4 protein chains.
Amino acid sequence: MRGRPREDGIDGAVRRAVKELLAEAGYAKCTVDAIAGRAGVGKAALYRRWRSKAELVFAAVVHDDAMAGPADTGALQGDVAEVLAVIKSSLDGPGVREALPGLVADLRADPNLLAGFGERFIGRERAYLIEMLDRAVARGELARRPDPVAVHAILLGTVHTWIHLLGEPMGPVRALAPALTAAIRTLGS
Amino acid sequence: MRGRPREDGIDGAVRRAVKELLAEAGYAKCTVDAIAGRAGVGKAALYRRWRSKAELVFAAVVHDDAMAGPADTGALQGDVAEVLAVIKSSLDGPGVREALPGLVADLRADPNLLAGFGERFIGRERAYLIEMLDRAVARGELARRPDPVAVHAILLGTVHTWIHLLGEPMGPVRALAPALTAAIRTLGS
Amino acid sequence: MRGRPREDGIDGAVRRAVKELLAEAGYAKCTVDAIAGRAGVGKAALYRRWRSKAELVFAAVVHDDAMAGPADTGALQGDVAEVLAVIKSSLDGPGVREALPGLVADLRADPNLLAGFGERFIGRERAYLIEMLDRAVARGELARRPDPVAVHAILLGTVHTWIHLLGEPMGPVRALAPALTAAIRTLGS
Amino acid sequence: MRGRPREDGIDGAVRRAVKELLAEAGYAKCTVDAIAGRAGVGKAALYRRWRSKAELVFAAVVHDDAMAGPADTGALQGDVAEVLAVIKSSLDGPGVREALPGLVADLRADPNLLAGFGERFIGRERAYLIEMLDRAVARGELARRPDPVAVHAILLGTVHTWIHLLGEPMGPVRALAPALTAAIRTLGS
DNA sequence: AATTAATCGAGACGGTACGTCATGTCTTGAT
DNA sequence: ATCAAGACATGACGTACCGTCTCGATTAATT
């Protein structure tokens, strides 16, 4: 016997409720009870799916369809511009802006969460970058592949810090592409 | 009537207690009650000195001598290396590593805190960078002064994200100086 | 169309499970889920038979043969002793001791339940007492029939309170018969 | 250093809130949150004073001023009438009627509570009865002192069961005094 | 034999209460 | 006016229970 299967609509309703509440009220006011109420769902259904509020919000906000796949523009600077756009969209969507700092803070407290985040978010982005760098090497734009961690820090870091630490509006991300491409070229020379 | 003057040893005892608790248990377990207990101090004494837990931990963890002043090395790349070193030391000290994500999260929740932090930390660093960039323009290394916010995002972002988001050990920061200098040159050309 | 008939063994398995859980853990820990699990039965099967946990436990714990029928001993004091014995056996069986206070509490909360209980348990006992009193009047032992509610309160109350409120072991119930018979005689004089 | 002393008004405000809620909505709706809200008190203040909801309601409902002291009327039947009145007032006051079944149920679950109840309520009442019986023996109304537990069961049980189990309105308790006095006389002959 | 319909165990669902914990404020008596 | 101690209001968290509902499988009586 398998028992009653989990209802389909709940995951979606919860994700929607989380994003709405984050946008309306911020991470602090985004209560588990409020989420359940907004989604028309009992708290038990939430904790059956996610082990804590952090996991719940994380799952709602880190959308799986981000980083769909590497886009090959034929030149390193074009690829960098693409990556920057994807990174920005994944850090600046509705809800993410408000949630991310709180989420990153919760990561430190829960090793399980940290591992999941590293694997699902950082790891996938890293793989994308490695492909991009390897293509540039194959094309002859880079003499050797630079340390992917350093490249990751430069690209993700610039966008993430601009949005979440400096607190100033960020213009079009493409404007950064030439400068950051130059940095990558220096690392790969 | 001036009343009893504030006791001297409290600030130091509190800073020590905060750092110990951060190292032992992380930001979440670093409770205000725990801090007061560890420091042998009443909570009122804490809130008489700092307005919130975030201010308290911030004061305990960010050393004021971090941004002592701009060091003029005579060349842009040297200045960048200096700045990176200062940034890293201010983000990677004992306690900061554990505290910073939680601190940044609290910042979002409280606009007052955000303003204070922006002024005291971001603003000072920004001023430092502007001096550095102006010197490079004067020297002829840059055709014009690039947007300081962008430069700030690149330098602070790379270090901050490497340490606090990627979760991988960061090598000597000087190795990044050439690449990030190249980025700045591109922005200022 | 009649569909699949109810399985035979379920009632018995449930009663056994309820009694075991009451004895092991008391009324509070005697959860509906625990009962279902112990009896190897789904919760739906329980709620198909009884409308609430209170009904379920009540049915499991109160044996229907308790109030089999009035026993005519030929004298009021003998009848009282019989009634007391029946009352005690219905309040002191295995499981009842642990369950009754919780059951009575649930009764207060649900008027439907209260009505059902009153009819099935109190009412039947009351009818028995009325028969007994009428026989005594017919015999000439009582001048008139006293208020059956008062008699009920005296007989049931003494046993019920001794067992469930005073918390002290109760000796043979026959010892009480002369005293309580005297009380009834006073009421009926 | 002793710290801030507990506020005086809280105990009283809580007791009042509990009684009001019990009278308005019954034991089930008498939530801890509702009590705290009605009393204008935080939940922490409640759990600082009582370890559970049961202890809280118990303290609010079992008033210490009940059973102020034995009243000597000069005759056993008068004393019995007095005791019955006191017992009834302690079981039928505002709030008690609704709370008692739930409270008695909770007693079974918590041995600490059971001990407290036995000592503070049953024990005090028992002592009262013993005095009453000894006076009757001294007066020559009884040949010997009957078992106080049996007397307790008869007096408390009749009233308690009438109110809380039979669910019928109880007339003036004095009407029971002659009958129950006869029972006691029989036990003490 | 095929259909129909009520049952079965398993377990997810909404609702609601509980008891714990953290923050920032306030109140003692003492210094 | 400050100190240590600790009580206070507020409000979120995660757990537990109840009674309902849904699933696929099983079982008989009716077609």
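Here the structure is a predicted model, which means the values were calculated and not measured. Residue numbers begin at 1 in each chain, while the letters A, B, ... track the order of the sequences.
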Length of the [atom1]-[atom2] vector between [X] and [N], whole Å:
X	N	atom1	atom2	value
A:D8	F:dT22	CG	P	14 Å
A:R51	F:dC13	CZ	C1'	17 Å
D:I35	F:dA9	CD1	P	14 Å
D:Y47	E:dA17	OH	P	12 Å
A:D33	E:dC18	CG	C1'	13 Å
B:L46	E:dC26	CG	C1'	15 Å
B:R38	F:dA4	CZ	P	17 Å
D:I10	F:dA9	CD1	C1'	9 Å

Original post:
So which one's nearest nucleotide on DNA chain F is more toward 5', B:A45 or D:G42?
Top reply: B:A45
Subject >> 5' precedence on DNA chain F between D:A39 and B:G37 (nearest-nucleotide basis) >> reply: B:G37
**OP:** Would you kindly check whether a donor in the side chain of D:K43 faces an acceptor in the base of F:dG11, or vice versa, at under 3.5 angstrom?
**Re:**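 Answer no: no donor N or O sits under 3.5 Å from an acceptor.
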**OP:** Tell whether C:R4 reaches the base of F:dT26 with its side chain through a donor-acceptor pair below 3.5 angstrom.
**Re:** yes
**OP:** Name the nucleic acid region contacted by A:R49, choosing base, sugar-phosphate or nothing; use a 4.0 angstrom heavy-atom cut-off, strictly under.
**Re:** sugar-phosphate
Original post:
Looking across every strand, which nucleic acid part, if any, lies under 4.0 Å from A:R48 by heavy atom: base, sugar-phosphate, or nothing?
Top reply: base
**OP:** Between E:dT23, F:dC13, F:dC3, spot the one nearest the side chain of A:T31, thanks.
**Re:** F:dC13
Subject >> Minimum-distance nucleotide (side-chain atoms of D:K53 versus E:dG19, E:dC13, E:dT23) >> reply: E:dG19
**OP:** Could you check D:K29 against A:E7 and say which one's nearest nucleotide on DNA chain E is further toward the 5' end?
**Re:**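 Taking each residue's closest nucleotide, the earlier one in sequence belongs to A:E7.
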Original post:
Quick one: on DNA chain E, does A:A36 or C:V41 contact a more 5' nucleotide (nearest heavy atom)?
Top reply: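 The 5'-side residue here is C:V41.
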Original post:
Hey, does D:R49 have a side-chain heavy atom less than 4.5 Å from the side chain of D:V14?
Top reply: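 The answer is no, as the side chains (C-beta and beyond) never meet within the 4.5 Å cut-off.
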Original post:
Aromatic rings B:H164 and B:H160: how do their planes relate, parallel, tilted or perpendicular, breaks at 30° and 60°?
Top reply: tilted
Subject >> Salt-bridge present (C:R108, D:E98; N to O < 4.0 Å) >> reply: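 Looking at D:E98 together with C:R108, the answer is no, because their closest N to O distance does not fall below 4.0 Å.
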**OP:** Output yes when D:E24 and D:R38 qualify as a salt bridge under the 4.0 Å nitrogen-oxygen rule, no when they do not.
**Re:** yes
Original post:
Does a donor on one side chain sit under 3.5 Å from an acceptor on the other, for D:Y27 and D:D106?
Top reply: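 The answer is yes; a qualifying pair exists.
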